[in-house]
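First the structure, in the form of C-alpha cells, and then the observations on it.
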Amino acid sequence: PRKIILDCDPGHDDAVALLLAQAHPAIELLAVTAVAGNQSLPKVTHNALGIATLAGITAPIAAGADGPLQRSAEFAADIHGDSGLDGVVLPEASVALDARNAVDLIVELVMTHEPGEITLVPTGPLTNIALAVRREPRLVERVREVVLMGGAAHLGNLTPVAEFNIAFDPEAAAEVFEAGWRVTMAGLDVTHQALATPEVAERITAVGGPKAEFMTDLIAEYGRRYSDVQGFDSPPVHDPVAVAIVIDEELGGGHVELRRAPIAVETKGEHTTGMTVVDLRPWVQRDVPTAVALGLDADWFWGLVTDAVR
Ligand SMILES: Nc1ccc([C@@H]2N[C@H](CO)[C@@H](O)[C@H]2O)cc1
Ligand SMILES: [Ca+2]
C-alpha cells in the first residue's frame with residue numbers, strides 16, 4: 001500500500017477523504033495533519049479528531065498552521081458552517097491530539113522513512129506543506145509526490161478564477177507548486193465531476209450502519225449549502241478525489257485523466273490572486289513535474305466511497 005500523510009481542514013468533503021483513506025487497502029494512512037482553511041484551526045482540529053474516532057483512525061493527528069503565511073484568514077463558513085462540519089453529529093473524540101506540531105510531524109515522518117516512500121495528500125490550504133519545505137528543503141527530493149485537491153484550470157469557486165484552498169494562502173501554494181517535486185493537482189475541473197447525486201446518496205445509505213448514516217447526513221447538509229450558496233443540484237465532493245487518484249495509481253490507473261502541464265500560482269494579480277495558471281496549450285513543452293487531473297470515472301469513484309463506508 002501507498003503510505004500517505006493527509007493534510008486537511010475538515011470540512012465535509014475532507015471527512016469523506018479521511019474515511020476513504022482509512023478504509024481502502026491500497027492506502028496506508030501514516031498521519032492526519034490539520035490546517036486552518038474551511039474554519040479556524042481549533043475547529044478543524046476538533047472535527048478531525050471526531051472523524052478519526054468514527055473512522056477508527058489510529059494514526060497520529062497533529063494540528064499545524066492557524067492561518068496563511070502572510071495574509072489574514074478568510075474561512076469558508078458559508079459552505080461548512082460555523083463549526084466547519086455543520087449538520088452532522090460527530091462522536092466524542094476518543095483519540096487524543098498528537099503533541100507535535102503538524103509541520104514537525106510531516107518533516108519527521110518523511111525524514112525517517114526511505115526516500116520516495118511517502119506521498120503527501122493535502123486537501124486544504126497549503127500552509128503546512130510550505131512551512132515543512134521551508135523547515136526541511138530535503139523534503140522535496142524525499143517525498144514521492146504531492147497529490148493535492150486545489151486550484152482549477154478554468155473556473156474558480158472563491159473568485160472567478162481562484163479556488164478556495166489556493167486563494168486562502170497563495171504564497172504557500174506558489175512555494176509548493178514551484179518546489180520542483182511531482183505535484184498532481186486535483187482541481188475543480190475534475191472535482192466538479194464528483195457530484196453526490198440522489199442516486200449516489202441512496203447507494204451509500206443502502207450500506208446501513210453508523211458510517212452510512214454519518215455520510216448520508218453529511219451529503220444532505222453539504223448538498224443543502226452547496227445548493228443555497230452556489231446553486232448546484234448535487235454537491236461536488238472535492239477532497240476524496242485526491243485520495244482516489246493515489247488509489248488509481250496504486251491499482252494500475254485508467255480511471256482518472258491526467259495531463260502534464262506547467263502550473264503557476266498568481267500571488268500579485270488585482271483580479272487574479274490565487275489563480276492556478278495551467279498551461280494546457282498543446283504545443284507547449286511539457287517536461288515539467290506538475291500535472292492536472294481533467295477527467296474522472298465518477299461511477300468508479302463513488303464505488304470507492306461506498307466501499308469505504310461499507
Ligand atoms: N465553497 C467552498 C469553499 C471551500 C471548500 C473547501 N475547499 C476545497 C474546494 O474549493 C475543498 O478542499 C473543500 O474542503 C469547498 C467549497
Ligand atoms: Ca478541504
Side-chain angles (χ1 to χ4, degrees), residues 5-21 32-41 43-48 51 63-65 68 73-88 102 120-129 146-170 172-173 176 184-196 218-219 221-232 234-245 265 274-276 292-293 296 305:
I5 296 171
L6 209 165
D7 187 76
C8 56
D9 60 337
H12 295 74
D13 53 331
D14 301 77
V16 182
L18 283 162
L19 283 167
L20 178 57
V32 175
T33 50
V35 64
N38 282 324
Q39 259 299 349
S40 65
L41 183 66
K43 290 181 178 179
V44 300
T45 303
H46 170 79
N47 294 337
I51 296 157
E74 305 277 334
F75 308 128
D78 56 342
I79 290 285
H80 298 281
D82 182 59
S83 71
L85 206 55
D86 275 19
V88 295
L120 301 183
V121 182
T123 64
L126 292 166
T127 317
N128 286 345
I129 312 302
V146 179
V147 182
L148 64 88
M149 192 280 134
H154 302 96
L155 297 184
N157 58 4
L158 188 71
T159 79
V161 293
E163 178 279 326
F164 177 86
N165 290 347
I166 306 299
F168 186 89
D169 194 345
V176 170
T184 297
M185 179 181 113
L188 298 178
D189 322 283
V190 70
T191 66
H192 278 177
Q193 298 172 42
L195 299 172
L218 181 146
I219 288 172
E221 178 66 23
Y222 185 58
R224 264 193 292 282
R225 289 168 176 275
Y226 238 101
S227 169
D228 294 350
V229 173
Q230 294 190 216
F232 277 62
S234 300
V237 185
H238 308 275
D239 295 331
V241 175
V243 177
I245 288 171
V265 178
M275 178 176 185
T276 45
V292 59
L296 175 72
V305 174

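In each ligand, atom 1 is the first atom listed, and ligand 1 is the first ligand listed. Along the sequence shown, residues carry numbers from 1.
- Within 4.0 Å of ligand 1, heavy atoms belong to protein residues D13, D14, N38, A76, I79, H80, T123, M149, N157, E163, F164, N165, Y226, Q230, H238, D239.
- Between the E221 side chain and the G87 main chain, no donor and acceptor come within less than 3.5 Å of each other.
- Remark: the backbone N or O of D9 is paired with a side-chain donor or acceptor of N38 at under 3.5 angstrom.
- In this structure, H12 and Y222 have parallel ring planes: the angle between them is below the 30° cut-off, well short of the 60° mark.
- With sequence neighbours left out, the side chain to side chain donor-acceptor pair (under 3.5 Å) criterion links T276 to no other residue.
- In terms of modelled atom types and a separation under 3.5 Å, the side chain of N128 and the main chain of T33 share no donor-acceptor contact.
- Remark: the backbone N or O of D14 is paired with a side-chain donor or acceptor of D239 at under 3.5 angstrom.
- In this structure, the side chain to side chain donor-acceptor pair (under 3.5 Å) partners of S83, at least two apart in sequence or on a different chain, are D86.
- Q230 places no side-chain N or O within donor-acceptor distance of the main-chain N or O of F232, the cut-off being under 3.5 Å.
- The six-membered or imidazole ring of F75 lies away from that of H80, with a centre-to-centre distance of 6.0 Å or more.
- Tally of protein N, O or S atoms closer to the Ca ion (ligand 2) than 3.0 Å: 5.
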